[in-house]
**Q** 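Sharing a structure with you now.
Note that ligands are numbered from 1 as they come in the structure, with each ligand's atoms numbered from 1 the same way.
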Amino acid sequence: MNNIALGDLTPKTFLRDFWQKKPLLVRNAIPHFQGLLTREALIELACDEEAHSRLVVQRRGEWQLKYGPLTMQDFSRLPKKKWTLLVQDINHFLPSARDLLLKFNFIPHARLDDLMVSYAPKGGGIGPHFDSYDVFLLQGSGSRRWQISDQQDDRYIADAPLRILENFCPEQEWVLESGDMLYLPPNYAHNGIAEEDCMTYSIGFRAPSHHELATQFLVYMQDHLEIDGWYADPDLHLQSQPALISSAMLRQARTILQKVKWDCADVEKFLGVYLTEPKIHVFFNPPEHPFPQQQFEQKIKENGLQLNLKSRMLYGNNSLFFLNGDVFEVDIGVHQHLIKLANEQKICTDETFSDETKKILYQWYLSGYVEVCGGFGEP
Ligand code: SIN
Ligand code: CO
């Protein structure tokens with residue numbers, strides 16, 4: 001899969017000079033890109049329970065926001081102009097969306113969040129705002145005006161249902177046509193306004209706050225700690241104030257808490273689990289009538305195997321593979337195939353698998369994490 005074009009930059013120079021540093025406009029990142037789905041298909045997805053969608057409408061200068069799942073009725077009462085539909089996780093539904101994300105393989109999968117697609121008629125947008133993540137805004141059909149600003153003023157309009165900057169001072173602006181792309185680092189103020197009916201593809205990269213990472217690590221450690229012993233005080237002294245937490249008790253508690261230790265291996269496992277954990281609204285459907293193992297093996301030999309579109313897979317340096325929040329420690333003979341599956345999301349037909357590889361792939365097939373390519377999922 002070819003990387004997306006970055007003008008005259010290589011991925012290396014893009015990372016050195018722009019990534020997390022400054023915006024980059026790329027004309028013709030995908031020449032003649034018209035998008036991956038129609039407005040009607042996007043509306044249909046917005047009505048799906050499993051899709052995370054938002055409808056933003058501007059009426060008489062007032063902002064209105066409705067979260068999905070939406071209904072067809074929500075779309076029948078809209079004004080002609082100045083509204084936007086945004087649908088998250090499009091890569092969970094469209095194989096072509098996964099292929100688009102693979103064009104951004106020069107950024108590690110661990111940083112990838114999702115592909116969001118928006119549709120807006122003329123004048124539609126979600127107002128000037130900051131995002132806390134890196135984003136590539138790729139223009140699908142139609143054109144959109146983007147205004148950006150390096151401003152520090154982050155005061156938002158009070159009482160608006162979404163975060164809209166009160167004092168947005170655009171410093172640069174461009175009209176993006178189909179196939180053009182704008183990269184924005186985190187916390188760079190921006191405002192996108194549809195020039196006409198248009199669809200925008202946002203390839204978003206997540207970065208947890210330090211607080212989130214630390215608290216999630218503590219949650220992980222809670223389930224993985226094993227500490228022996230009981231609090232004991234055989235030499236308890238008589239206390240004149242029975243409600244007082246004594247310094248002896250404090251000392252003992254502190255010593256016990258110092259048994260909470262972690263090393264690099266714990267951090268690696270935590271990261272793999274945390275980064276591949278499915279989002280709250282994501283569920284996997286195991287095949288209803290699965291192939292027996294031998295037939296499954298035959299099928300993947302004929303058609304190849306791929307990750308389910310909703311699956312997230314990463315691996316570490318120590319024979320550890322992470323898939324949808326689970327950890328798998330596997331023998332060296334299995335590595336090569338699983339590494340390929342994680343990096344490319346697919347394994348082709350001409351591979352020969354060891355018994356252990358077949359076993360683990362079959363287990364993942366039964367969980368709905370992987371599937372036979374070409375829709376040959378079940379007999
Ligand atoms: C949009 O697609 O309308 C909004 C994307 C963004 O501003 O992050
Ligand atoms: Co934004």
**Q** Taking the six-membered ring for Trp, are the ring centroids of Y156 and H129 within less than 6.0 Å of each other?
**A**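 That pair fails the under 6.0 Å test.
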
**Q** With the Co ion (ligand 2) at the apex, how many degrees lie between NE2 of H129 and OD2 of D131, rounded to 10 degrees?
**A**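 Taking the Co ion (ligand 2) as the apex, I get 110° for this pair.
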
**Q** Check whether more than 12 heavy atoms from other residues, nucleotides or ligands sit under 6.0 Å from atom CD of E49, and answer yes or no.
**A**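 Atom CD in E49 is not packed in, count stays at 12 or less.
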
**Q** For I280, does the CD1 atom sit with more than 12 other heavy atoms under 6.0 Å from it, leaving out its own atoms?
**A**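 Incorrect, the count does not exceed 12.
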
**Q** Does Q294, at its CD atom, have more than 12 non-hydrogen atoms belonging to other residues, nucleotides or ligands within less than 6.0 Å?
**A**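 Result for CD/Q294: open.
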
**Q** Taking the six-membered ring of W19 (Phe, Tyr or Trp), confirm whether the NZ or CZ of R16 is under 6.0 Å from its centre and within 45° of its axis.
**A**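 Here R16 fails the 6.0 Å and 45° test against W19.
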
**Q** Where does ligand 1 get N/O contacts under 3.5 Å from the protein, atom by atom?
**A**
from	atom 1	to	atom 2	distance (Å)
ligand 1	2 (O)	S118	OG	2.7
ligand 1	3 (O)	S118	OG	3.4
ligand 1	3 (O)	R144	NH2	3.4
ligand 1	7 (O)	H129	NE2	3.1
ligand 1	7 (O)	H190	NE2	3.3
ligand 1	8 (O)	D131	OD2	3.2

**Q** Do the side chain of S178 and the main chain of Q34 share a donor and acceptor less than 3.5 angstrom apart?
**A**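 Pair absent, no side-chain N/O of S178 close to backbone of Q34.
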
**Q** Of all N, O or S atoms in H190, which has the smallest distance to the Co ion (ligand 2)?
**A**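 Nearest to the Co ion (ligand 2) within H190's N, O and S set: NE2.
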
**Q** Between F284 and Y369, is the ring centroid distance below 6.0 Å?
**A**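 That pair passes the under 6.0 Å test.
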
